[in-house]
Visitor: 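I have a structure I would like to understand better, so I am pasting it below and will then ask my questions one at a time.
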There are 2 protein chains.
Amino acid sequence: MADADAPYHHGNLREALLARAETVLTASGADSLSLRALARDLGVSHAAPGRHFRDRQALLDALAVGGFTRLNERLRAAVGGPGPVTARLARMGRAYIGFAVAHAPLLSLMFTAKHADHSSAELRELGHQSLEIAAELIALAQQEGVVRAGDPARLAQVAFSVVHGLAALAVGSLLEDTPLDEATDLALDVLLTGLAAARPDIS
Amino acid sequence: MADADAPYHHGNLREALLARAETVLTASGADSLSLRALARDLGVSHAAPGRHFRDRQALLDALAVGGFTRLNERLRAAVGGPGPVTARLARMGRAYIGFAVAHAPLLSLMFTAKHADHSSAELRELGHQSLEIAAELIALAQQEGVVRAGDPARLAQVAFSVVHGLAALAVGSLLEDTPLDEATDLALDVLLTGLAAARPDIS
DNA sequence: ACCTGAACACCGTTCAAGT
DNA sequence: ACCTGAACACCGTTCAAGT
């Protein structure tokens, strides 16, 4: 992994640390992510990471920011395609679940807002963007009459809850022998049906 | 915190460790849970915890088992009350969300199944019980005609996804200024509407 | 500007030894 | 049976010093 001639003293140590960190994160989870091991892997002194990240949490936050950025790109690509709004909503849900199960440790980093102080403002902003992407599509669906009236932002929270929760069940091995695809189809069916119209009777 | 006369050498060290660990977990999260600090707090040698928990993860797993046990008690109490099935379903959802946001670090311990080997079989079984509680109530609701046909276990997965996901959004500060109560009401409305009947048109 | 080496104060885990 | 003390191999973080 280490290479004595690698140009880490030339300014790209930060990116190299992030890349290696993401590999370790995906393979072994956040708990086994050590700055000293990262430095060792990159052939650099154990104090070098401290020049680019204030502390371990700052490195984790940077990974989470990258995760949200990529997630939002994928969500935008999913909603941007052709087809009726309901199909685009379903596609967005599937994109979210696909990303979440493929990058489970990254997602848990993205959603556990540690020490609300410094960089977590950026994280909350990026998370808010995810919800906004859904809210915009829901607003469009309302115009077309396929989604009930109501604040699109709040309806987006519900839609997000379904897909985020289902991904969590899948990652936690709580889906038993149900194939994720089938669970996803059912969840999206229930969600879109529930979004279509307000219930006639109140519980 | 330490007491030289405390009877920890009398057999209750395991329980004392778990109790203290849960306090620290709730206050500061799993990351700042150290066996050595626990031992210090209880006035015992740093190697003593090793007599009761094979390693740190075993202590975390034991906390998660306790969490699921209490969660399932609360879910059973919520579904057991009076009223129409839809009201009981809504009560169960609210009970889940209440527990989840009140014990966020514990919940993340419960759902992140580390090393699937030893004690996580018990964890998966307890998680499965949570879903079964919901599935039974959904089966009853089907008999009463207020929930669509389909495998109750799979419909329970969807119901769980909604409440688990909403709790995650709340804990992650992604609900912005939406009061959790209102988000919960809307989520349960969408869920129960979507569960009520299959959609006429397919997306 | 960027990195190193030593230092400090922590960790988890193991294991002989005590009672 | 249960706990201790020392030991080992790790950590994150800081800081003077090097280039």
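Just so it is clear: chains get the letters A, B, ... in the order the sequence lines come, proteins before strands, and each one is counted from 1.
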Visitor: Within the side chain of H103(B), is there an N or O that forms a donor-acceptor pair under 3.5 Å with the backbone of F99(B)?
Guide: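 Yes; at least one donor-acceptor contact below 3.5 Å.
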
Visitor: Locate the shortest heavy-atom distance separating L33(A) from L25(A); write the atom from each residue and the value.
Guide: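 Looks like CD1-N, 4.3 Å.
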
Visitor: When you measure from the side chain of R91(B) to the backbone N and O of A78(B), does any donor-acceptor pair fall under 3.5 Å?
Guide: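 A pair under 3.5 Å: yes.
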
Visitor: Which atoms of nucleotides 10-15 of chain D (N or O only) lie under 3.5 Å from a protein N or O atom, and what are those distances?
Guide:
residue : atom : partner : partner atom : Å
dC11(D) : OP1  : R40(A)  : NH2          : 3.4
dC11(D) : OP2  : R40(A)  : NH2          : 2.4
dC11(D) : O5'  : S34(A)  : OG           : 3.4
dG12(D) : OP1  : L35(A)  : N            : 2.8
dG12(D) : OP2  : L35(A)  : N            : 3.4
dG12(D) : OP2  : R36(A)  : N            : 3.0
dG12(D) : N7   : R36(A)  : NH1          : 2.6
dG12(D) : O6   : R36(A)  : NH1          : 2.7
dT13(D) : OP2  : R56(A)  : N            : 2.8
dT13(D) : O4   : R36(A)  : NH1          : 3.2

Visitor: Heavy atoms, side chains only, cut-off 4.5 Å: are T193(A) and T193(B) in contact?
Guide: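 No. Closest side-chain heavy atoms not under 4.5 Å.
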
Visitor: Calculate the interatomic distance between L17(B) atom CG and dC3(D) atom C1'; express it in whole Å.
Guide: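 L17(B) atom CG is separated from dC3(D) atom C1' by 12 Å.
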
Visitor: With the side chain counted from C-beta on, respond yes when L175(B) and L166(B) share a heavy-atom pair under 4.5 Å apart, and no when they do not.
Guide: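 The answer is yes; the side chains approach within 4.5 Å.
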
Visitor: Dot-bracket notation for DNA chain D is requested: 5' to 3', Watson-Crick or G-U wobble pairs only, both distances under 3.5 Å, with ( ), [ ], | and . as defined.
Guide: ||.|||||...|||||.||

Visitor: Where does the angle between the aromatic ring planes of F111(B) and H164(B) fall among parallel (under 30°), tilted (30 to 60°) and perpendicular (over 60°)?
Guide: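 Taking H164(B) first and then F111(B), their aromatic rings sit tilted (interplane angle of 30° to 60°).
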
Visitor: Among L191(B), L137(B), V79(B), exactly one meets side chain to side chain contact (heavy atoms under 4.5 Å, CB included) together with L89(B). Which residue is that?
Guide: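 Answer to the side chain to side chain contact (heavy atoms under 4.5 Å, CB included) test with L89(B) among L191(B), L137(B), V79(B): L137(B).
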
Visitor: Measure the shortest side-chain to side-chain distance between D185(A) and D189(A) over non-hydrogen atoms and say whether it is less than 4.5 angstrom.
Guide: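 In short, these two side chains do not touch, never coming nearer than 4.5 Å.
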
